[in-house]
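Counting starts at 1 for both ligands and their atoms, in listed order. What you see is a predicted model, and the numbers here were worked out from it, not measured in a lab.
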Amino acid sequence: MAKICEQMEKVQGHPCFGGGQHKTGRMHLAVAPVCNIKCGYCTRKHDCANESRPGVTSRLMNPQEALDKVREVMASPLLGPTMRVVGIAGPGDPLANHATFETFRLVGKEFPDLMKCLSTNGLLLPESLDLLVSLGLHSLTVTINAVQVATASRIYRHITYNGIRYTGEAAAEILLASQYEGVQRACKLGMVVKVNTVLIPGVNDAEIPLIAERIKGMGVFVMNVMPLIPQAEMAHVPAPSDAYLSQVRDANERIIGQMRHCKQCRADAIGLL
Ligand code: CLF
Ligand code: SF4
């Protein structure tokens with residue numbers, strides 16, 4: 001209970017994790033084009049579908065351009081006073097891009113009061129955590145869609161890890177191990193962690209409570225169950241209805257708090273949610 005109170009305190013003003021979602025804003029910096037995995041519902045033509053509105057392509061920036069953008073936003077009389085969070089969420093996987101770390105370094109030096117937030121598929125999370133801690137990362141989102149290797153192998157087509165391309169169950173095993181190890185260590189390091197899970201009817205429905213149980217035990221703050229957008233290899237899978245999505249969230253609320261106000265932002269979104 002003490003830990004939850006501490007985390008509630010820590011997320012004040014963060015529009016995705018806690019209070020102030022209508023009053024405080026976030027700015028995404030689209031500095032991360034490369035991705036190291038292939039989710040079955042991703043076309044790769046647009047922003048990372050694990051945390052973005054479908055069909056949207058953000059304009060890429062380099063770290064210096066990102067810093068200039070932050071300066072411009074913070075100087076804006078309209079946006080500046082509301083801005084609390086600087087986030088990197090794509091358009092690919094932030095941890096697969098050196099520019100992510102450089103951008104946080106530059107922005108953190110000049111704007112230390114902005115909370116640094118990052119969203120990832122988790123493949124490189126265990127090995128990135130020390131650097132993220134040294135950069136002062138405040139909050140972390142990891143997209144986890146399965147507990148079982150067999151299920152994950154139906155969702156992910158391939159991964160590239162340490163320069164080697166893996167497919168099938170070998171890929172799924174490495175990815176799941178990295179995701180759960182990364183989440184567990186991030187929680188222990190005191191980060192506020194959210195897990196996004198894409199609800200894929202007929203594929204991972206039955207595992208969603210199992211994901212919820214496992215991440216709750218690790219100290220994850222909140223879970224965000226997102227609806228599948230049928231596209232790419234999963235174009236034939238029906239999207240969950242609003243009623244089914246609500247039912248899944250309600251059932252999981254008994255295990256771990258559920259986020260229900262996600263706007264599936266683009267990787268260069270700026271402002272209130
Ligand atoms: Fe951005 Fe994501 Fe941080 Fe928020 S968004 S990196 S946690 S600052 Fe928020 Fe947007 Fe939903 Fe993401 S509404 S898509 S949950
Ligand atoms: Fe696409 Fe994001 Fe999955 Fe990479 S992690 S394949 S960008 S949805």
- Query: Which bit of Cys35 gets closer than 4.0 Å to ligand 2, counting heavy atoms only: side chain, backbone, both or neither?
  - Reply: side chain

- Roughly how far, to the nearest 0.5 Å, is the CE atom of Met226 from the CG atom of Leu245? 10.0 Å

- Identify which protein N/O/S atoms are less than 2.8 Å from atom 1 (Fe) of ligand 1. His28 NE2

- Answer with yes or no whether Met259 contacts ligand 1, where contact means a heavy atom under 4.0 Å from a ligand atom. yes

- For Lys263, the atoms of ligand 1 under 4.0 Å from one of its heavy atoms are 11 (Fe), 13 (S)

- Who's the nearest protein heavy-atom neighbour of atom 11 (Fe) of ligand 1, and how far? Cys262 SG, 2.4 Å

- Query: Considering only heavy atoms, does Asn50 approach ligand 2 within less than 4.0 Å through its side chain, its backbone, both, or neither?
  - Reply: both

- Indicate the ring-plane relationship of His14 and Phe17, choosing parallel, tilted or perpendicular according to the 30° and 60° boundaries. perpendicular

- Message: One pair to check against salt bridge (charged side-chain N to carboxylate O under 4.0 Å, His left out): Glu65 and Lys69. What are the steps and the verdict?
- Response: CA-CA 6 Å; Glu65 289 169 331; Lys69 187 74 196 173; over 6 Å; no

- Would you check if atom 2 (Fe) of ligand 2 lies under 2.8 Å from any N, O or S atom of Cys39? no

- Would you say the side-chain atoms of Gln179 pair up with the backbone N or O of Asn121, donor to acceptor, closer than 3.5 Å? yes

- Task: Look at atom NZ of Lys116 and say whether more than 12 heavy atoms of other residues, nucleotides or ligands are closer to it than 6.0 Å.
- Result: yes

